[in-house]
Amino acid sequence: ARIDGAEGKEEGKEKEYDKIEAPGIRFSYDGQHTAYLAELGGEKLVVVDSVEGPRFKRLGKTGLGFVPGSARAMYSFRRGEKEVLVIDGHEGPACQSTRSLSFAPDGSRYAYAAELEKDKWVVVVDGVIHGPGGPWKDGKGRTYQKLGKRTPNLSTDGQRVAWVGVQEEGWKVVVDFVESPTYDIVQRSALEFSPDGRHVSYCAQRQGKKMIIVDRIEIDNGWDGFRPQDSIVWQDARRFSIRASKNPRYLLVEVTLP
């Protein structure tokens, strides 16, 4: 590959490949970094700023590109029957599927959910695998039975992360890597940060009580439940709302923080 008149090099030597896959060289958003998919000896590899990544046979579902707003390259490849997501040169765990990939506005942080095997889920934050009880050590740790829809979430400024996980003892919400008390169930679609990232809210149930929780404060007003398809909506940094039911009616619950 020739970029700005210079050939790609590795360890001071010119590097030739059998093929550069279409559409050729990708440039980062600031135009200062490059990435392309090459083929050599029947294997594929991604080359970022002349540095070669791992070799593989097939790309995964995430095509080669740069994280929005950043110079970090991103792609996935197949390893046997599983898929590996690579961000900024860091390989995630080999898994059946990934979802809820979230980035900080400047691309400096990322988080996503990974299903290692059926009903065995983990959360990957900045390359570190997390399960019940905390981060994995030496490539080993516990897994969640389920993870909340649309989680993990990063706050708008990218400084905070949260997710909903189901483990043997029940449902928990993890905010900034700290687990909540155990609930019978957490509404998996209703975990939201405030626009300024200072507050986090969600809905949960314990011993028949349906509650709204904001910053670990539990609010119980005798509701029968919350619409499962609804999310918490923050109007601004201090106010949010969600629809709740008190038979036979639905109510709009509005919460204002001091």
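Values below: all heavy atoms of this structure, side chains included; hydrogens, waters and symmetry mates excluded.
Clustering of Ile, Leu, Val, Met, Phe, Trp and Tyr side chains at separations under 4.5 Å places Val174 together with Trp121, Val123, Val125, Tyr144, Leu147, Leu154, Val161, Trp163, Phe177.
Counting only residues at least two apart or in different chains, salt bridge (charged side-chain N to carboxylate O under 4.0 Å, His left out) contacts with residues 198-209 comprise Arg206-Glu218. Contacts classified as salt bridge (charged side-chain N to carboxylate O under 4.0 Å, His left out) and involving residues 245-258 (residues at least two apart or in different chains) are not found. Pairs engaging residues 92-104 under the side-chain hydrogen bond (donor to acceptor under 3.5 Å, both in side chains) rule: Ser97-Glu115 [sequence neighbours left out]. Applying the side-chain hydrogen bond (donor to acceptor under 3.5 Å, both in side chains) test to every pair with at least one member in residues 124-141, sequence neighbours left out, gives these pairs: Arg109-Asp126. Residue pairs meeting the salt bridge (charged side-chain N to carboxylate O under 4.0 Å, His left out) criterion with at least one partner in residues 166-180, sequence neighbours excluded, are Arg142-Glu168, Arg142-Glu169, Arg160-Asp176, Glu169-Lys172, Lys172-Glu179.
Evaluation of the ring-ring contact (aromatic ring centres under 6.0 Å, His included) rule for Tyr75 yields no partner, not counting sequence neighbours. With sequence neighbours excluded, no residue forms a ring-ring contact (aromatic ring centres under 6.0 Å, His included) with Tyr110. For Phe193, the ring-ring contact (aromatic ring centres under 6.0 Å, His included) test picks out no residue, with sequence neighbours left out. Listed by chain and residue number, Ala94, Glu117 satisfy the side chain to side chain contact (heavy atoms under 4.5 Å, CB included) test with Lys82 (two or more places apart in sequence, or in another chain). Not counting sequence neighbours, Asp119 has no partner by the side chain to side chain donor-acceptor pair (under 3.5 Å) test. The salt bridge (charged side-chain N to carboxylate O under 4.0 Å, His left out) search around Asp30 returns none, not counting sequence neighbours.
No donor-acceptor distance shorter than 3.5 angstrom exists from the side chain of Ser76 to the backbone of Leu85, with no hydrogens or angles considered.
For the residue pair Ser194/Arg238, the side-chain donor-acceptor check at 3.5 Å is not satisfied.
Across all their heavy atoms, Val175 and Ala162 have their closest contact at CG2-CB, 4.1 Å. Between Ser70 and Gly107, the shortest heavy-atom distance links the atoms CB-CA, 3.9 Å.
Between Phe56 and Phe77, the ring-plane angle classifies as parallel under the 30° and 60° cut-offs.
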Lys44 and Glu21: CA distance, side-chain angles, deciding distance, salt bridge (charged side-chain N to carboxylate O under 4.0 Å, His left out) verdict: CA-CA 9 Å; Lys44 300 181 187 297; Glu21 299 277 1; 2.6 Å; yes
Run the salt bridge (charged side-chain N to carboxylate O under 4.0 Å, His left out) check on Glu83 and Arg58 step by step: do they pass? CA-CA 10 Å; Glu83 188 164 355; Arg58 290 185 296 153; over 6 Å; no
Verdict with reasoning, Asn153 to Thr151, per side chain to side chain donor-acceptor pair (under 3.5 Å): CA-CA 5 Å; Asn153 292 353; Thr151 72; 5.7 Å; no
Evaluate Tyr183 against Gln207 for side chain to side chain donor-acceptor pair (under 3.5 Å), listing each step before the verdict. CA-CA 8 Å; Tyr183 298 100; Gln207 296 179 347; over 6 Å; no
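Annotation: the span from Ser201 atom OG to Ile212 atom CD1 amounts to 8.5 Å, rounded to 0.5 Å.
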